[in-house]
Amino acid sequence: MNPGAEVSNRGFLLVLSGPSGAGKGTVLRRILAEQPGVELSVSATTRKPRHGELNGREYYFMSVEDFQSHIERGSFLEWAQVFGNYYGTPRPHVVERLSAGKIVVLEIDTQGAKNIMDQNPAELVTVFITPSQGDSLKQRLLHRGSEGPVDLTQRLANAPVELLDLPRFDYLVLNDSLDEAVEALTGIIIAERHRTHRFRGQINLVTDFPGRLSSGMSGPSVTP
């Protein structure tokens with residue numbers, strides 16, 4: 001390979017989805033802390049901030065009017081209305097970071113994930129995260145304590161419907177053990193980083209290698 005020839009990874013869009021209470025956010029925080037080149041795309045929403053959430057960190061919190069204005073301008077890569085609130089992925093940041101070779105993560109509900117799948121982007125990897133037992137979802141939501149009784153009931157009732165979308169996803173990560181779920185998602189990211197079509201500069205690699213190989217084989221032949 002020629003000195004200075006470029007070999008670098010193309011970025012890709014990593015969609016993490018699954019039912020409420022699956023632990024997506026907890027797994028993702030570990031990934032963001034441990035994997036270089038992985039960045040979170042901050043979504044926009046019209047729901048109220050939960051305790052400790054900051055505008056621009058967990059979400060961009062908007063009014064319904066502002067959100068609908070962004071829809072009309074085509075500012076979202078995808079958007080959906082879930083549990084009475086709007087959620088959407090701002091387009092400009094995602095496009096910019098993918099162009100820079102970053103892995104951009106979207107932590108979104110299954111409706112938003114399907115909206116992106118329907119667009120069929122070239123660089124998309126989808127992962128469905130869920131515990132293997134439904135009781136775990138209920139316990140995690142109760143422990144989280146961020147939903148009222150009506151919202152909690154809606155989220156639990158919606159989980160079986162979301163599981164029907166599982167065959168559309170590329171990968172399944174069972175989150176019964178946080179460490180094992182993080183290890184599984186890390187393996188997916190590493191494998192996807194090494195897909196051949198993500199490498200820039202592979203043309204130089206392919207054209208240079210045969211010549212270098214033949215030049216090193218000029219010595220006497222060896223008989224087995």
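Below, each value reflects all heavy atoms present in this structure, side chains not excepted, and no hydrogens, waters or symmetry copies. The first residue of the sequence shown is numbered 1, and numbering continues consecutively from there.
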Pairs in or reaching into residues 62-72: which pass salt bridge (Lys or Arg N to Asp or Glu O under 4.0 Å), with residues at least two apart or in two chains? none
Using the test side chain to side chain contact (heavy atoms under 4.5 Å, CB included), find all partners of Leu166 that sit at least two apart in sequence or belong to another chain. Phe128, Leu172
Just to verify, what does Asp118 make a side chain to side chain contact (heavy atoms under 4.5 Å, CB included) with, not counting sequence neighbours? Arg168
Taking salt bridge (Lys or Arg N to Asp or Glu O under 4.0 Å) as the cut-off, I'd like each qualifying pair that reaches into residues 175-191, sequence neighbours left out, listed once. Arg30-Asp179
Side chain to side chain contact (heavy atoms under 4.5 Å, CB included) involving Leu124 - partner list, sequence neighbours excluded: Leu13, Val15, Ile116, Met117, Pro121, Thr126
Got a sec, which residues hit salt bridge (Lys or Arg N to Asp or Glu O under 4.0 Å) with Asp165, two or more places apart in sequence or on another chain? Lys114
Residue list, salt bridge (Lys or Arg N to Asp or Glu O under 4.0 Å) with Glu123, at least two apart or on another chain: Arg198
Residues forming a salt bridge (Lys or Arg N to Asp or Glu O under 4.0 Å) with Arg91, sequence neighbours excluded: none
Sequence neighbours left out, cut at 3.5 Å: what donor-acceptor pairs do the side chains of residues 54-61 make with other protein atoms?
residue: Asn55; atom: OD1; partner: Phe61; partner atom: N; Å: 2.8
residue: Arg57; atom: NH2; partner: Gly52; partner atom: O; Å: 2.7
residue: Glu58; atom: OE1; partner: Leu54; partner atom: N; Å: 2.8

Residues clustering with Leu16 (ILVMFWY side chains joined when closer than 4.5 Å, directly or via others): Phe12, Leu14, Val27, Leu28, Ile31, Leu32, Val38, Leu40, Ile103, Val105, Val125, Val127, Ile129, Tyr171, Val173, Leu178, Val182, Leu185, Ile188, Ile189
Partners of Glu39 by salt bridge (Lys or Arg N to Asp or Glu O under 4.0 Å), sequence neighbours excluded? Arg97
Each residue besides Leu164 in its hydrophobic cluster should be listed here, by chain and number; the cluster joins Ile, Leu, Val, Met, Phe, Trp and Tyr at side-chain heavy-atom distances under 4.5 Å. none
Do NZ/NE/NH1/NH2 and the carboxylate oxygens of Arg29 and Glu107 come within less than 4.0 Å? no
